[in-house]
Structures are given as structure tokens and as C-alpha cells.
Number of protein chains: 2
Amino acid sequence: MLTDRQLFILQAIVDDYIQSAEPVGSRSLSKQSGMSYSPATLRNEMADLEEMGFLEKPHSSSGRIPSERGYRHYVDHLLLPHQLSNREIHDLRSLFARRVMETEQVVKQSATILSELTSYASIVLGPEIFESKMKQVQIIPLNDRTAVAILVTDTGHVENHTVSLPEALNSSDLEKIANILNDRLRGVPLYQLQNKITTEVAGLLRQHISSYREALLFTEETLQKSSEEKVYYGGKANLLSQPEFRDVDKVRMIFELLEEDHTMHELLKPEQGGLMIRIGQENANQAFEDCSIISASYSFNGNPVGTISIVGPTRMEYPRVIGLIEHLSRDLSKVLTNLYTDRS
Amino acid sequence: MLTDRQLFILQAIVDDYIQSAEPVGSRSLSKQSGMSYSPATLRNEMADLEEMGFLEKPHSSSGRIPSERGYRHYVDHLLLPHQLSNREIHDLRSLFARRVMETEQVVKQSATILSELTSYASIVLGPEIFESKMKQVQIIPLNDRTAVAILVTDTGHVENHTVSLPEALNSSDLEKIANILNDRLRGVPLYQLQNKITTEVAGLLRQHISSYREALLFTEETLQKSSEEKVYYGGKANLLSQPEFRDVDKVRMIFELLEEDHTMHELLKPEQGGLMIRIGQENANQAFEDCSIISASYSFNGNPVGTISIVGPTRMEYPRVIGLIEHLSRDLSKVLTNLYTDRS
DNA sequence: TTTAGCACTCGGATATCCGGAGTGCTAACA
DNA sequence: TGTTAGCACTCCGGATATCCGAGTGCTAAA
């Protein structure tokens, strides 16, 4: 469909435009090193490429810029794998350098580093804990009416909240409850907890605790999942340096969307796994019509549990961003799996 | 120094400008309800107020806007206490409605609600845990080489991180370590932990654990404070709706600063307690020269432990924002103290 | 002391002009 | 037949000119 020469020219135009943010004309394109055609020849080819929908003109007498279809073709067929620089590799590796770590910290830092390296905005979804299994429950009374409930999963995730203590339960009741929970629920995936409570735990509570109703209610509060999606952002301000986002109103829509954690989670949550690239309108969302989003999932034991993403203008440095994101998602998966999987 | 009439006029001008964002001229001012002077009279007074530095003109033949000094005088002497609307009170109260809660959630939500009510940006610093006291330590092995360390404070704060298990320590060692820590460190303020470890815990470890060096190192890792300041933002995008922030470059500086959690923490950390208002240049920081920041600390047991703040243009609705912030900081203090203080 | 009148100022919106980079087309060329 | 040079044309963007109106300061009258 496209001749080799047309492909070559398309690639040169996209590369040039990504780099300069200016429409590229036949004259300047022909001066580019490695380009051995005269402006007139290029004009002909460019006209053809435009007719086929790979290029467009901002106005009738200006140079060409890639259309969304042009970018799409570029990432699907013309993308040369990008070799990460030492600096980049070093920065990414520094994430995992510490011996002591908290997954949340690592994930948060990932967002920051990714945005610094790319100078776009980054969004990282923290690992889903939905499928991970209960390891231990702890109820720690703080005073006569408040306690902290702690739930630890096999993935090292620690969930905690403050619960108020019903007067009807004394400290030996609490101990009994904790014992029952640990006994019955160890190894149960979090999404089944609620279920198990009604089917198994409730009966035991009734047997062993006099204030049964309070105990059951309290148990449910204790294990209530905080549910909240963890979404971390890095370098949103970077977007403001991009020439395509000089317009405050346009950028406001983007920023407003970027503050809706829930929507962003829906948009980016890990699905099939692997790499996802959405260019311009491909993001169903109106606010992102001039943006591209590249995202990759990271996994735990082979199951995708979270994603790391980059948001930038459609005129994005695709090769570099893809290289970085793929690298980081691999590293994250490796570290998570290494840390929390039994070697045996 | 200022006549009553001048004060009255200054107030009217500030109120008008806060509301309209347009320089206010003598003609329109005189039409304002409650204003019984002719434009000419107002012109004279306004000229005087300008000479004294309370007003300024964007250019020689335009209406007046308040100078920073004008705003300062306004907040110091002219501020009428603002009565919160039902809607506002209701929204604020909803924060504390749940029975089960996590302090972090409440604090995060505070930022969101505050920004929604004000349509400025809000910044909330999570409670300092520096002074709170150790309640319990838990070491939970996940597999043969990784464990989760959990530290609970008397303020219900749960700190946790993943630590790698030295081969030299077996599970009975871990138990011993945990026992020693709980025995010796209960009630010790977090900022003294490091100290206590070297003076008291080290000796005990040497006595009871054969692999003493590994045990000590491990202990230190376990109790390492995550140190990280908790800073939550709400409604940054709101700033983009303010007419004074139409300029992307100006707003970029602000947003970049707002992403530096550490700097913001320094800027806003609770000091004397009480209300702080910084207008324009009073924020030493260049990026905030067109902003005002209002912040109030909230406290636990009378000690200020965190702050809630609003960032907006110098043309800010001071009365309303101050009302909201004071109300919320009082509520937060009350709830925190109620939850985590022994009633006895 | 307050007010009306008036000449003056200046920003912002609108219209006009102009240069330059770029295009499409045609005709000459290898 | 594909490539290139030449040329007339287009259109953006910046610079300049013009105009309008809201607002001011000043003076003089009430």
C-alpha cells in the first residue's frame, strides 16, 4: 500500500515533528541529513500521503503534520526499538536499590521518576489487592473505645483502619475474635472475605461470644476493605511546558480529569496486560483528544495487578517512552514477584 | 490614620474586586448599593488611598485594585466573620460521618472537600507522627526471605514496610526480637526510638540472640521511620479557572512548586498553631507572588500536628475561606483528640 | 466639603498591511 | 517516466494604525 519511500518520508516527518513541534515543509525536510530527494519530489509524496490520511495541514499553505492515523502507522510499523541511555537505566534501577521498602513508596517513586525522565505526566496505579490472600489480622486496642484493625496479605500489603470498640466487647472477646479470624480466614482471597464471614465466621462467633450481634458487626467493620483505588501522579506540570498546551482552557479540562482518581483508574486499569497505546481520539475521553496515553501493566506472579502510564501530547516521543515503560514494568513485576513469592 | 469613610470605601473596593476581578472605578463604585457618595468624592478618596499605598492602578487611566497592603489591611481590620452556609457545614461534617475510618482517608478527603467548597486549591499536611508513642511492633514473615514489619502508635497510626529476612535469623529469633522491642519500647516517642535501640535494645539482643549483628541491623531496619511527609492536594485545577492565572507560564511555576511535596511541607508545617495568612510577596517564594495562602493548624491533645491550607489568587474570598478553614481545623482537632485519647 | 463638567489617558479590540515559508502546478530534464 | 526547477498563489503571524470607552485628575461652582 505504501511504497518504501513513502514510509521513509512518513517516518522522517513524524520524527521531525515530534522533535520540533513545527509543521514540516518540503524544503526543510529535504535539507535533513539522509534525505536525498528534492523539495519538489517530497511535495509530491507528501501530497499523496496527505490524500491517504497520514498527514494533514494546519492550513492550506503550511507544512505537514502527522494525522492521528499517521502516528498510528508510525507506532505500528515504523517504530525502532529505543535503546535506553545509561542515565535512564540508572534512574530506573535506583527505585529498587533500598533494602527496606514499602511497595507504596516504590510505586509512588515510579511515577515521579518516569515523569522526570520523559517530561510528560505519569500515572501509576498501585497494585490491586483484590486477589491477594489474607495472611493475618490484628486488633490492637488503643484505649477504652478505639482500636486499630490491621490486615496483612501475602503480598505484604498492610491495610489498616480505626474502629470504635462496642462497649459490649471486652478485651478477651477481642482476642477470641482475632483468633477466630486468623484461624478461619488465613489464605482466603480478600474478595471472598465478606462471603466467608457470613458462611463460617458468624457461626463461630455465636458459639463463643456472648454479645454476638456486636461481635459480628465489629468483625465486619474490622475487615471492611478500604476499597479505595491507589492512583499516583507524577509531573503533571510537565504538560504545561508542551507547546500544544498553551491554552489554559484546554489544559484545565485535562487537569480536571487527571484529578478524578476513580475515572483514571477505570481508564487505565490492567486488562489484557501488555502495552497499550491510545492516540488522540482513541481515548474516548473528550479532554484527551490532543493527548496520547501509553501504558503497560505490571504483574505479580503473572497476573497483571497494576499499570504505569504516560500522558503527553499526541506529538509524543513514542520510541523512548515505550522503551522506558516496558523496561520499568518488567522490573516492577520482577521485584514484586521475587519479594513475595515463596522460593520453595 | 484612615478615616472611617476611607475604611468603608477600601472595604467596598476590596469586596467588589474580589467578586468581579475587574478594576473598580469611581462611577460603578458609587452606584453600588449602600454607597452614598458621588463619583467625584470617591475619586478624591481613592486618590488618597492610592497615595497611602492601599490601592493601585494597573495603568494610569483605569480603575483601582487593592494593593497587597490593601489586602493586608482588609484582613487585619475589616474582616467580618463569615457565617458558614448549611451546605458548607453539611459538607464538612460528612467527613466524620463514617464509624470506621482511617486518619489518612479523612485527611485526604479534607483536601478534596475544602477545594470543592472554595474553588481554590487546597493542601493538607497529614499529622506528624514524630511525637506519638510506640504502641506495638509486629514482625510478620511472608516467606523464607521477606517479612512485613508493622509499627502501631498510640495515635492509631500504622507504619509498615517490607524487610528482607537475614538467613541467620530463624523464626524463634524473630519472635524474641519482637518481644524485646515490645517490652522495651512501648510508650517511647518515635523520635527517641533510634536512641533507645542503641542504649537499651542492643544489649538485650546481644544477650538473647546468637546472630547478634544481623539481629541489630534487622531491628534498625524494622523500626526505620518512613519519614516521608504526607502532603495531600485538592483541586489544583481550580486555579486554572481564575482569571489571574490565564498565563500558562505563570501557572506552570505554581504547579511545579505544588509538586514539590518537601518544599510545600516546609512552607506549611505547623508552627505556632493558629491561623496564618500570607498575601502575595509575603510568600517568600517567587512562584507565589500572585497568590495568597491561608492555613490553619489542627492539633492532637493541644499540640499542632498538621495544617490545612488554601492557595488562591491574592484576590481571594478571604472571609469565606477563613471561616471554612477555621471550622475544619477545629473539627479535625476535636475528632483526632476524641478518638485517640483515653477518657479516663 | 461635595459635586458637576471637561479634557485627557490608555488599554483592548478591530482593521490593515506585509514578509516569509510553504504549496500546487506546469514545464523542462535525465 | 520519474525528478526537478520555476513561479504564482495562499495564509499565518507580527507589526502598525485607528477607534472606542471607561476612567482619571483638575477646576470651578454649589
Side-chain angles (χ1 to χ4, degrees), chain A residues 2-10 12-14 16-17 19-32 34-67 70 243-244 246-248 315, chain B residues 2-10 12-17 19-32 34-67 70 243-244 246-249 315:
Chain A
L2 285 186
T3 67
D4 281 358
R5 191 168 75 175
Q6 285 173 325
L7 287 175
F8 178 69
I9 291 172
L10 176 58
I13 292 174
V14 176
D16 184 306
Y17 183 65
Q19 201 271 331
S20 71
E22 299 285 327
V24 357
S26 55
R27 175 177 219 73
S28 59
L29 186 60
S30 106
K31 279 192 214 136
Q32 198 171 296
M35 185 61 65
S36 47
Y37 310 106
S38 75
T41 310
L42 292 173
R43 275 203 293 279
N44 290 331
E45 294 288 31
M46 287 160 88
D48 289 350
L49 284 168
E50 183 180 356
E51 207 169 351
M52 289 183 277
F54 294 102
L55 297 179
E56 50 194 36
K57 283 187 289 194
H59 52 93
S60 75
S61 74
S62 78
R64 271 29 179 241
I65 63 175
S67 66
E244 29 270 279
R246 300 298 307 169
D247 178 21
V248 178
R315 182 188 62 77
Chain B
L2 285 185
T3 67
D4 280 357
R5 190 168 74 176
Q6 285 173 327
L7 286 177
F8 178 70
I9 292 171
L10 175 59
I13 292 174
V14 176
D15 283 334
D16 185 305
Y17 183 65
Q19 202 270 332
S20 71
E22 299 287 325
V24 357
S26 55
R27 175 176 219 73
S28 60
L29 187 59
S30 104
K31 278 191 212 135
Q32 198 171 294
M35 185 62 64
S36 47
Y37 312 105
S38 77
T41 311
L42 291 172
R43 275 206 290 282
N44 290 332
E45 294 289 32
M46 287 160 88
D48 290 349
L49 282 168
E50 183 182 355
E51 206 169 354
M52 288 184 278
F54 294 102
L55 297 178
E56 50 193 37
K57 283 187 291 196
H59 52 94
S60 75
S61 74
S62 79
R64 279 7 186 254
I65 63 175
S67 66
E244 30 271 279
R246 301 296 308 170
D247 178 22
V248 177
D249 292 309
R315 181 187 63 78

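Letters go in sequence order (proteins before strands), and every chain restarts at 1. Side chains are part of it too, since the values below use all heavy atoms of this structure and drop only hydrogens, waters and symmetry mates. For clarity, every value in this text was computed on a predicted model and none was experimentally measured.
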For the student: nearest non-hydrogen atoms of [X] and [Y], plus distance:
| X | Y | result |
| --- | --- | --- |
| L10(A) | L49(A) | N-CD1, 4.2 Å |
| P243(B) | R246(B) | O-CG, 3.0 Å |
| P39(B) | S26(B) | O-CB, 3.5 Å |
| F8(B) | M35(B) | CE2-CE, 3.7 Å |

For a 4.5 angstrom cut-off between non-hydrogen side-chain atoms, does T41(A) reach R5(A)?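 Yes, side chains in contact.
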What I'd like to find out is whether the side chain of S30(B) reaches to under 4.5 Å of the side chain of S38(B), using heavy atoms alone.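 They are not in side-chain contact.
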What distance do D16(A) atom CG and I65(A) atom CD1 have between them, rounded to the nearest 0.5 Å?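 Atom-to-atom, D16(A):CG and I65(A):CD1 are 12.5 Å apart.
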Rounded to whole Å, please give me the gap between CD1 in I13(A) and P in dG22(C).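 Rounded to whole Å, this separation is 12 Å.
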Quick one: does S67(B)'s side chain have a donor or acceptor within less than 3.5 Å of a partner on G53(B)'s backbone?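 Yes, S67(B) side chain to G53(B) backbone: donor-acceptor pair under 3.5 Å.
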Let's see if you get this right: which residues in residues 35-54 of chain A place a heavy atom under 4.0 Å from DNA chain D?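 The answer is S38(A), A40(A), T41(A), R43(A), N44(A).
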More than 12 heavy atoms from other groups under 6.0 Å of CG on D249(B):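 More than 12 within 6.0 Å, yes.
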Counting only heavy atoms not in Q19(A), do more than 12 sit closer than 6.0 Å to its CD atom?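 No, CD of Q19(A) has 12 or fewer neighbouring heavy atoms, counting only those of other groups under 6.0 Å.
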Please enumerate all protein N or O atoms sitting under 3.5 Å from an N or O of nucleotides 9-12 of chain C, with distances to 0.1 Å.
residue	atom	partner	partner atom	Å
dT9(C)	O3'	S60(B)	OG	3.3
dT9(C)	O2	S61(B)	OG	2.6
dC10(C)	OP1	S60(B)	OG	3.4
dC10(C)	O5'	S60(B)	OG	3.4
dC10(C)	O4'	S61(B)	OG	3.1

Segment of DNA chain D, first to last nucleotide, that comes within the 4.0 Å heavy-atom reach of chain A: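 Here the contact window of chain A covers dT3(D) to dC12(D).
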